[in-house]
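Below you will find the structure I want to go over with you.
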Amino acid sequence: LEKADIVLVHQFTELCLTLRIGGFSRTSHSSIDSQSFLSSFTCCRAGSSLEYATVCCSWIGGLEDEKQKTDVHYRSLGGEGNFNWRFVFPFEYLPSEQLCVISKKENFWSLDKTEFRTPPKLFIQIWDNDKFTMDDYLGFLELDLNSTISPTKTAKGCDLDMLPDTKNPGAKAPKLTSLFSQKSLNGWWPCVQEKDDKRILAGKVEMTLEIVTEQEADEKPAAKARDEPNMNPKLDPPNRPETSFLWFTSPCKTLKYIIWRRFKWIFLGILILLFVVLFLGIFFYSLPNYLSMRIVSPV
């Protein structure tokens, strides 16, 4: 008998994950530690409220080098962010093993690419964008596309109970679904933050997830962000308040919405103090002449 060669051919599918980030809603449980004066224009404390410049970034596990980011929602009171931003992640998927096939160089000096197989996971992170200090981490969300957490239709019903509790195996299992069979999911997912070895609800992110084949992506093109072709669906610019702007590009708005709003009572106090000092200065300057005139020519 001659020796036979057996070759196993794995058929993978070219897929595309389209992710639309609608917005991010921060909860009162999350915390942030950036108190420098230089960054006060983008992240500062006024009483008990915080102002953020919120940005969202996302990537598929194993493709960290292809991380994508939204634009920045500047001066977000309380950490909310409106984006209406599209992420597009093409990837190769092996249905028989339910794994992503990733080819990349292990090191920058490597000549050939190495093939890796990794679970299809989507990572979402929310950051506070600072211009003069390091960005502040607000929260994250990790989704396994084979067993995706089912989203809620409203932000009110979105909480930590939707996430699997790895520290308590006896806890009630959350409702899971496969994005590959569901094709599309829309709603709110919870973002978490680790604090003192405990998981807290940092915020809630509104997203639309859609899996399409390479052929479907060619038939219904959709560019990243809001670039052309901006279709399937068309994304309009987000409805952000007038206070959402980069402070050094708009001096007039900076004076109106940042400096005057934040320091108006200090300015008014300084102005009143100047008037009082001016009045007292004039009074004491004129007092000797007035007294001498009263002594010399009393009435």
Using side chain to side chain contact (heavy atoms under 4.5 Å, CB included), reason through Asp71 and Arg226 one step at a time and then give a plain yes or no.
CA-CA 10 Å; Asp71 61 347; Arg226 291 186 294 273; 3.6 Å; yes
Is Phe89 reachable from Phe180 through a run of I, L, V, M, F, W or Y residues, each pair having side-chain heavy atoms under 4.5 Å apart?
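In one cluster: yes.
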Looking only at atom types and distance, does a side-chain atom of Glu64 sit under 3.5 Å from a main-chain N or O of Gly62, one as donor and one as acceptor?
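A pair under 3.5 Å: yes.
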Taking all non-hydrogen atoms of both residues into account, name the closest pair between Phe140 and Gln125 and its distance.
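Between these two residues, the closest heavy atoms are CB-CG, 4.1 Å.
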Each residue besides Val277 in its hydrophobic cluster should be listed here, by chain and number; the cluster joins Ile, Leu, Val, Met, Phe, Trp and Tyr at side-chain heavy-atom distances under 4.5 Å.
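In the cluster with Val277 are Leu273.
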Intermediate values then yes/no, side chain to side chain contact (heavy atoms under 4.5 Å, CB included), Glu219 and Gln215:
CA-CA 6 Å; Glu219 293 174 353; Gln215 181 180 353; 3.2 Å; yes
Evaluate the side-chain proximity of Leu185 to Ser150: yes if any heavy-atom separation is below 4.5 Å, no if none is.
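The answer is no, as the side chains (C-beta and beyond) never meet within the 4.5 Å cut-off.
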Nearest heavy-atom neighbours spanning Met162 and Pro151:
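Closest pair (atom of Met162, atom of Pro151, distance): CE-CA, 3.9 Å.
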Mind checking whether His73 and Phe83 have parallel, tilted or perpendicular rings, split at 30° and 60°?
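His73 and Phe83: perpendicular rings.
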With heavy-atom distances below 4.5 Å as the criterion, would you say the side chains of Arg86 and Lys224 are in contact?
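Heavy-atom side-chain distance check fails, nothing below 4.5 Å.
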Side-chain heavy atoms nearer than 4.5 Å, only ILVMFWY residues, links allowed to pass through others: does that put Leu143 and Tyr93 together?
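Yes; Tyr93 is reachable from Leu143 via cluster members.
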I want to check something: taking the side chain as every heavy atom from C-beta on, are Leu15 and Thr213 in contact at a cut-off of under 4.5 Å?
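Side chain of Leu15 against side chain of Thr213, heavy atoms only: contact under 4.5 Å found.
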Quick one: does Asn232's side chain get under 4.5 Å of Thr18's, heavy atoms only?
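Heavy-atom side-chain distance check fails, nothing below 4.5 Å.
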Do Phe87 and Thr70 touch side chain to side chain, with heavy atoms closer than 4.5 Å?
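When only atoms from C-beta onward are counted, Thr70 and Phe87 do touch, with a gap below 4.5 Å.
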More than 12 heavy atoms of other groups within 6.0 Å of Lys234 NZ:
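Result for NZ/Lys234: enclosed.
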Hey, does Leu179 have a side-chain heavy atom less than 4.5 Å from the side chain of Leu122?
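A side-chain contact under 4.5 Å is absent here.
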Taking all heavy atoms of Gly139 and all of Gln193, pick out the closest pair and write down the distance.
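Closest approach of Gly139 to Gln193, heavy atoms only: N-NE2, 4.4 Å.
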Is there a path of hydrophobic side-chain contacts, each under 4.5 Å between heavy atoms of I/L/V/M/F/W/Y residues, joining Ile126 to Phe123?
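The answer is no; the residues belong to distinct hydrophobic clusters.
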Give the intermediate values and the outcome of side chain to side chain contact (heavy atoms under 4.5 Å, CB included) for residues Leu271 and Phe275.
CA-CA 6 Å; Leu271 189 62; Phe275 275 114; 3.9 Å; yes
If you compare all heavy atoms of Glu210 against all heavy atoms of Val212, which two are closest, and at what distance to 0.1 Å?
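Looking at all heavy atoms of both residues, the shortest contact is OE2-CG1, 3.7 Å.
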Counting only heavy atoms not in Asp196 (residues, nucleotides, ligands), do more than 12 fall under 6.0 Å from its CG?
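No - once you tally the heavy atoms of other residues, nucleotides and ligands closer than 6.0 Å, there are 12 at most.
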Ignoring hydrogens and geometry, is there a side-chain-to-backbone donor-acceptor pair from Gln68 to Val88 under 3.5 Å?
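A pair under 3.5 Å: yes.
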For Trp188, which residues count as a ring-ring contact (aromatic ring centres under 6.0 Å, His included) partner, sequence neighbours excluded?
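Result, ring-ring contact (aromatic ring centres under 6.0 Å, His included) vs Trp188: none returned.
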Taking every non-hydrogen atom, the tightest pair across Ala202 and Leu138:
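Shortest heavy-atom contact: CB-O, 3.1 Å.
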Check whether any side-chain N or O of Asn84 sits under 3.5 Å from a backbone N or O of Leu235 as a donor-acceptor pair, and report yes or no.
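Such a contact is absent between Asn84 side chain and Leu235 backbone.
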State, with a plain yes or no, whether a side-chain heavy atom of Ile149 is found less than 4.5 Å away from one of Leu176.
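Touching, per the 4.5 Å side-chain cut-off.
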Does this structure show an ion pair linking Arg117 with Glu115, if we count only N-O contacts that are shorter than 4.0 Å?
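So Arg117 pairs with Glu115 through a salt bridge.
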Flag the pair Met207 / Arg20 as yes when at least one side-chain heavy-atom distance between them is below 4.5 Å, and no otherwise.
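In short, these two side chains do not touch, never coming nearer than 4.5 Å.
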Nearest 0.5 Å please: distance from the NZ atom of Lys183 over to the OG atom of Ser178.
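That separation rounds to 9.0 Å.
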Measure across Pro120 and Asp144 and return the closest heavy-atom pair with its distance rounded to 0.1 Å.
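Closest pair (atom of Pro120, atom of Asp144, distance): O-OD1, 3.6 Å.
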Same cluster for Ile272 and Phe283 if Ile/Leu/Val/Met/Phe/Trp/Tyr side chains link at under 4.5 Å?
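As far as the 4.5 Å side-chain criterion goes, Phe283 and Ile272 are connected within one cluster.
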Taking a hydrophobic cluster as the set of Ile, Leu, Val, Met, Phe, Trp and Tyr residues connected by side-chain heavy atoms closer than 4.5 Å, whether directly or through intermediates, do Leu201 and Ile124 fall within one such cluster?
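Linked, Leu201 and Ile124 end up in one cluster.
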